[in-house]
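Just below is one structure, and these are the notes that go with it.
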Amino acid sequence: MTDPNVRPDDPNVDKEDSVVLDAKRLRALAHPVRVQLVGLLRKYGPSTATRLAERLGVNSGTASYHLRQLGAAGFVEEDTERGNARERWWRSVHRTTWFNDPDLAEREPEATLAYLQSVAAIYTLRTQQTLSGLQTMPRAWRNTFDMSDWALRLTPEEAAALYRELAEVIARYRRDAPETVASAPDGAERVAVITQILPELDAPAASSLPSGPQEEEGSPTS
């Protein structure tokens, strides 16, 4: 999966090819450049720091540093079959990342927020890139583009069930990976399906909030 974040109950997940975030890995991934580097290697396959830096708009030294940090945490590794003395190639070790541990999120609130904000920024960037190219897309693909939202009122259990049902639908369709591109049918292109279930908890009703300084019943007002 090219997305940097999935849940362990996702039917799209190959558990043999996934990594579960612990505290060390979460802290290592809590940087937007590192999240993007992992995503690019999963999406396009092995690459060099120089090529990755060009895609991200950073210098190659920055990309190299973050790749080494990701390597120390076990997210990427050197591709020795491609590299040579002058050029190091890197590849992703896993296809998916699991992060669904409430206890870890509570123990590492700053790293959790940094990681999730990086993921959200990547999703926003993908949307903006598609919008920028929308007018030049073939009409058939323009007609598939969609940005929709629905306001629902659910219990936590219903929201979890909704996620599972959406994941089951997505699992019925062909997955994208660098090694499967050649076997895809003619006309198949990469399509990003981004799901977001965003709880918007109600604020307390206005009538239940104090409107000003409170006084004991029967106390004088002047």
Side-chain angles (χ1 to χ4, degrees), residues 1-7 10-13 29-60 62-63 66-67 70 75-76 92 94-99 112-154 159 162-182 184-201:
M1 190 170 188
T2 56
D3 291 334
N5 182 53
V6 296
R7 290 164 48 156
D10 190 330
N12 294 281
V13 169
L29 208 55
H31 192 289
V33 171
R34 295 179 194 173
V35 175
Q36 291 181 79
L37 286 170
V38 172
L40 287 173
L41 290 173
R42 291 176 178 177
K43 190 173 186 177
Y44 298 109
S47 188
T48 65
T50 299
R51 296 180 182 183
L52 292 167
E54 291 174 353
R55 283 185 176 272
L56 296 181
V58 301
N59 62 60
S60 59
T62 296
H66 288 299
L67 284 166
L70 289 168
F75 289 103
V76 304
S92 176
H94 315 95
R95 294 296 305 158
T96 59
T97 302
W98 290 7
F99 180 48
T112 295
L113 183 59
Y115 170 61
L116 294 179
Q117 285 179 332
S118 297
V119 172
I122 290 170
Y123 292 166
T124 300
L125 178 61
R126 286 185 182 181
T127 304
Q128 291 172 339
Q129 289 173 334
T130 297
L131 288 172
S132 296
L134 193 60
Q135 294 305 315
T136 59
M137 278 186 190
R139 185 180 183 89
W141 282 111
R142 288 204 309 272
N143 291 342
T144 69
F145 174 80
D146 176 69
M147 291 175 59
S148 301
D149 70 298
W150 291 268
L152 308 176
R153 187 162 291 272
L154 308 175
L162 172 61
Y163 169 81
R164 290 192 297 269
E165 291 177 28
L166 291 173
E168 288 168 0
V169 171
I170 294 169
R172 298 202 297 263
Y173 289 83
R174 187 179 304 104
R175 297 285 302 281
D176 177 64
E179 61 272 15
T180 62
V181 172
D186 291 342
E189 301 284 354
R190 180 181 297 108
V191 173
V193 179
I194 299 171
T195 65
Q196 296 180 331
I197 296 179
L198 306 176
E200 299 179 0
L201 305 189

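M137 places none of its side-chain heavy atoms less than 4.5 Å from the side chain of F145. For the pair L113 and Y115, the minimum side-chain heavy-atom distance is 4.5 Å or more. L56 places a side-chain heavy atom less than 4.5 Å from the side chain of L40. In this structure, V35 and L29 have side chains that are in contact, with non-hydrogen atoms separated by less than 4.5 Å. Residues F99 and T112 have side chains in contact (heavy-atom distance under 4.5 Å, counting atoms from C-beta outward).
Closest non-hydrogen pair, T96 versus W98, comes out as OG1-NE1, 4.1 Å. Nearest heavy-atom pair, P178 versus R42, reported as atom, atom and distance to 0.1 Å: CD-O, 3.3 Å. Residue H31 comes nearest to S118 through the heavy atom pair C-OG, 3.8 Å, listed as atom of the first residue, atom of the second, then distance. Nearest heavy atoms, I197 versus A159: CD1-O, 3.9 Å. Of all the heavy atoms in S60 and A49, the pair that sits closest is O-CB, 4.2 Å.
For T62, the side chain to side chain donor-acceptor pair (under 3.5 Å) partners are N59, not counting sequence neighbours. For S47, the side chain to side chain contact (heavy atoms under 4.5 Å, CB included) test picks out L41, R51, L52, with sequence neighbours left out. By the side chain to side chain contact (heavy atoms under 4.5 Å, CB included) test, A30 is found to be paired with A111, A114, residues two or more places apart in sequence or in another chain being considered. Take R174 and apply the side chain to side chain donor-acceptor pair (under 3.5 Å) test, not counting sequence neighbours, and it matches no residue. The side chain to side chain donor-acceptor pair (under 3.5 Å) test applied to R34 returns H66, not counting sequence neighbours.
One finds the CD atom of Q196 at 7.5 Å from the OH atom of Y123 (value rounded to the nearest 0.5 Å). To the nearest 0.5 Å, atoms OG1 (T127) and CD1 (I122) are separated by 12.0 Å.
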Exercise for the section: Please test D176 against V181 for side chain to side chain contact (heavy atoms under 4.5 Å, CB included), starting from the C-alpha separation and ending with a verdict. Expected result: CA-CA 7 Å; D176 177 64; V181 172; 4.3 Å; yes
Exercise for the section: List the steps, then state whether side chain to side chain contact (heavy atoms under 4.5 Å, CB included) holds for L67 with L37. Expected result: CA-CA 7 Å; L67 284 166; L37 286 170; 4.1 Å; yes
Handout entry: Derivation and outcome, side chain to side chain contact (heavy atoms under 4.5 Å, CB included), residues R190 and K43
Key = CA-CA 10 Å; R190 180 181 297 108; K43 190 173 186 177; 3.3 Å; yes
Exercise for the section: Take L131 and M147, measure what side chain to side chain contact (heavy atoms under 4.5 Å, CB included) needs, and give me the verdict at the end. Expected result: CA-CA 11 Å; L131 288 172; M147 291 175 59; 4.3 Å; yes
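Side-chain atoms of T124 come within 3.5 Å of backbone atoms of A120 as a donor-acceptor pair (strictly under, hydrogens ignored).
Applying the side chain to side chain donor-acceptor pair (under 3.5 Å) rule to pairs touching residues 131-146 yields D146-S148, sequence neighbours excluded.
The number of heavy atoms from other shown groups lying within 6.0 Å of CD (E200) does not exceed 12.
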